Protein chains: 2
Amino acid sequence: MSKKATGNPRRDESLSRAQIIEASIALLDANGEPGLTFRTLAERLATGAGAIYWHIDNKSDLLLASCDAIISHVTKATAPTKTPEAGIRSVALAIFDAIDAHPWVGSALTRAAGKLPMVRILERLAEQVCALGVPEGDRWSAVSALLSYILGVAGQNAANRQLAQALQLDRSTFLEDVSTVWSQLDVNAFPFTRELAKALPGHDDRADFIAGIDFILCGINANGHLR
Amino acid sequence: MSKKATGNPRRDESLSRAQIIEASIALLDANGEPGLTFRTLAERLATGAGAIYWHIDNKSDLLLASCDAIISHVTKATAPTKTPEAGIRSVALAIFDAIDAHPWVGSALTRAAGKLPMVRILERLAEQVCALGVPEGDRWSAVSALLSYILGVAGQNAANRQLAQALQLDRSTFLEDVSTVWSQLDVNAFPFTRELAKALPGHDDRADFIAGIDFILCGINANGHLR
DNA sequence: ACCTGAACACCGTTCAAGT
DNA sequence: ACCTGAACACCGTTCAAGT
C-alpha cells in the first residue's frame, strides 16, 4: 500500500491560491499573527513548505491577500442608507466589526499602505463623502481624515486584542488591568490619565468609535457651511 | 599584549540601559525596524548578545523603551498656547514630526497599547480637552477620538515611509507610483479612488493631518453647544 | 553583579531534484 | 506546470561558565 493511497490523504487537484488563503485565515484566526507560519501552513495543506511559493510571492503577500479576503467581503454589498452620514457610519462599523472578529486584520491593514484592502475602504468612504456634497477639491482631506481615524482605531483595537490574547486575558480583565496601572501613575505627571482610568473598564468601544466618526462628520459638514 | 589592552576597546564602565536604548535608536534610525537585531546591537556596544538581556527584558521591551525615549522628549515641555485648540494642534504636530523623523516610532506606538508612550500623548490631549471646557463625562470620547486619529495617521505615515525605504524610493516618487496604480484601477469599481489619485502626489501630509484634527475639534466643540 | 558566547528552537526563503 | 523537502541564512532567547 503506497503512502499516497491511505495515510495522510494528499490533495487530488493541485493547490490553489484560494485554498492557501483560506487556510492562512484559519490559522490567523486561531492563533493570531504568530500562528501563521509557512511550515504550519504547509502541514495543514498537506504539502511542502516550498510548494506555497509557487502560488504566493512571500509572507507579506500572503498576509495582504488574507486581509483583502476579509475586507473585500465587508466592503462588498452594504445596504443602501437614507443619508450619506449613515452610509459612512455603516462602512466604518462594518470594518470595526470585521477587526473585532479578526484582530490580525487591523495590523495587516496598517501595513498595507495604498494597497487594495485600503483602497476598498477609501472608495466606499469617498463615495459617501461625495454624496455628502463635498466638492472635489475638498474631498481628499475629508476622506483622508475618516480613513486615518478608522485605521487608527483598527490598529489600536487589534493591538489590544492581540495583547490580551498573548496574556491569556479576556477583554474586560485586560481593560481592568490597564485601568489599575493608569490609576497608579504619578499624580503630578498624569492627573488626567488617572481620571480617565476610571471610565476605561466600563466604556463601550463601539460607541466611542462612532462618536469619533460623528465628530469628524460634524467638521466636514461645518466646512461646507463656510462655503 | 592582551586583546583587552589594545584592540576593540571594551567599555570601561558597565553597560547601562540608557546606552543600550541610545544604540537601539541609532540602529532603528539608520536601517528601520529590520535594522535592530540583538547581534548588531551587541556588536555596536562591543559586548555579547546575551549581555543585553541583563538590562532589557526582551525585544518588545527594547522597542517600547526606544519609542518612549522619543515620545517623552516630544511631550515634555511644549510652549504654552493661547487656546486649547492651538495646544492640541501643537501636541499633534509634535508627534507627527517625530514620526516623520523616526518612522519606526509610528509602528512601535501602534503596538504599545496602554503603555507609557501612548499615555504621555493621552495626558497632553486630555489636559487640553479639559481646558476646552468639556465636562468630565464627555472627555473620554473626545480624547479617544483625537488619540485614535493621531495614532492612525502615525501608523499610516510610518508604513508609507518604511515601504518607500524598503523600495529605495523617496517620498514623492513613492506617492507618484501609488497614484499611477490607483489611476489604473477599474473605472466601474473604483471611480472615486481614480479621481483622488490625481490629488495624491501634490498633497501636503502635514496640512491634511491638521485638517483632520480641526474636523474633530469642530465636532467636540459642537457637542458643547448642544448642552 | 555583570558579562561571554555557544547553543537552541525557531523563522522565511531558495533551489536542485523529482513527477 | 507543479511539487518536494533538505538546506541556507538568518532570528530572539537561554544558560552554563566565567570575572
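Note that these values count all heavy atoms, side chains included, but never hydrogens, waters or copies made by symmetry. Since we're looking at a predicted model, the values are computed, not measured. Just so we're on the same page: letters track the sequence lines, and every chain starts at 1.
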Checklist entry - Does the side chain of A:Trp54 get closer than 4.0 angstrom to OP1 or OP2 of D:dC3 through an N or O atom? => result no
Item to check | Of the listed nucleotides C:dT14, D:dA7, C:dC3, the one nearest the side chain of B:Leu15 | outcome: C:dC3
Checklist entry - Among B:Ile99, B:Leu36, B:Ile70, whose side-chain contact (heavy atoms from CB on, under 4.5 Å) with B:Trp104 holds? => result B:Ile70
Next on the checklist: Tell me whether A:Asp68 is salt-bridged to A:Arg120, with the criterion being a basic N under 4.0 Å from an acidic carboxylate O.
Outcome noted: yes
Checklist entry - Do the charged groups of B:Arg111 and A:Glu33 touch, with an N to O distance under 4.0 Å? => result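 Result for this pair is no, no salt bridge flagged.
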In whole Å, I'd like the distance from the [atom1] atom of [X] to the [atom2] atom of [N].
X	N	atom1	atom2	answer
B:Arg17	C:dC2	CZ	P	14 Å
A:Lys59	D:dC10	NZ	P	18 Å
B:Phe38	D:dC11	CZ	P	12 Å
A:Leu41	D:dC3	CG	P	13 Å
B:Arg39	C:dA7	CZ	P	13 Å
A:Leu63	C:dG12	CG	P	11 Å
B:Leu36	D:dG12	CG	C1'	11 Å

Checklist entry - Between A:Asp170 and A:Thr173, do the side chains contain an N or O donor and an N or O acceptor separated by less than 3.5 Å? => result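 Yes - a donor-acceptor pair under 3.5 Å links their side chains.
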Checklist entry - Between A:Asp57 and A:Thr40, which has a closest nucleotide on DNA chain C that is more 5'? => result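 Per heavy-atom nearest nucleotide, the more 5' residue is A:Thr40.
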Item to check | Distance, P atom - from C:dC2 to D:dA17, rounded to whole angstrom | outcome: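 These two P atoms come out 22 Å apart once rounded.
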Checklist entry - In the structure shown, which nucleotide is the Watson-Crick or G-U wobble counterpart of D:dG12, with both distances under 3.5 Å? => result C:dC8
Item to check | Any-strand Watson-Crick or G-U partner of C:dA1, both distances under 3.5 Å | outcome: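 Answer to the pairing question: D:dT19, which forms a Watson-Crick or G-U pair with C:dA1.
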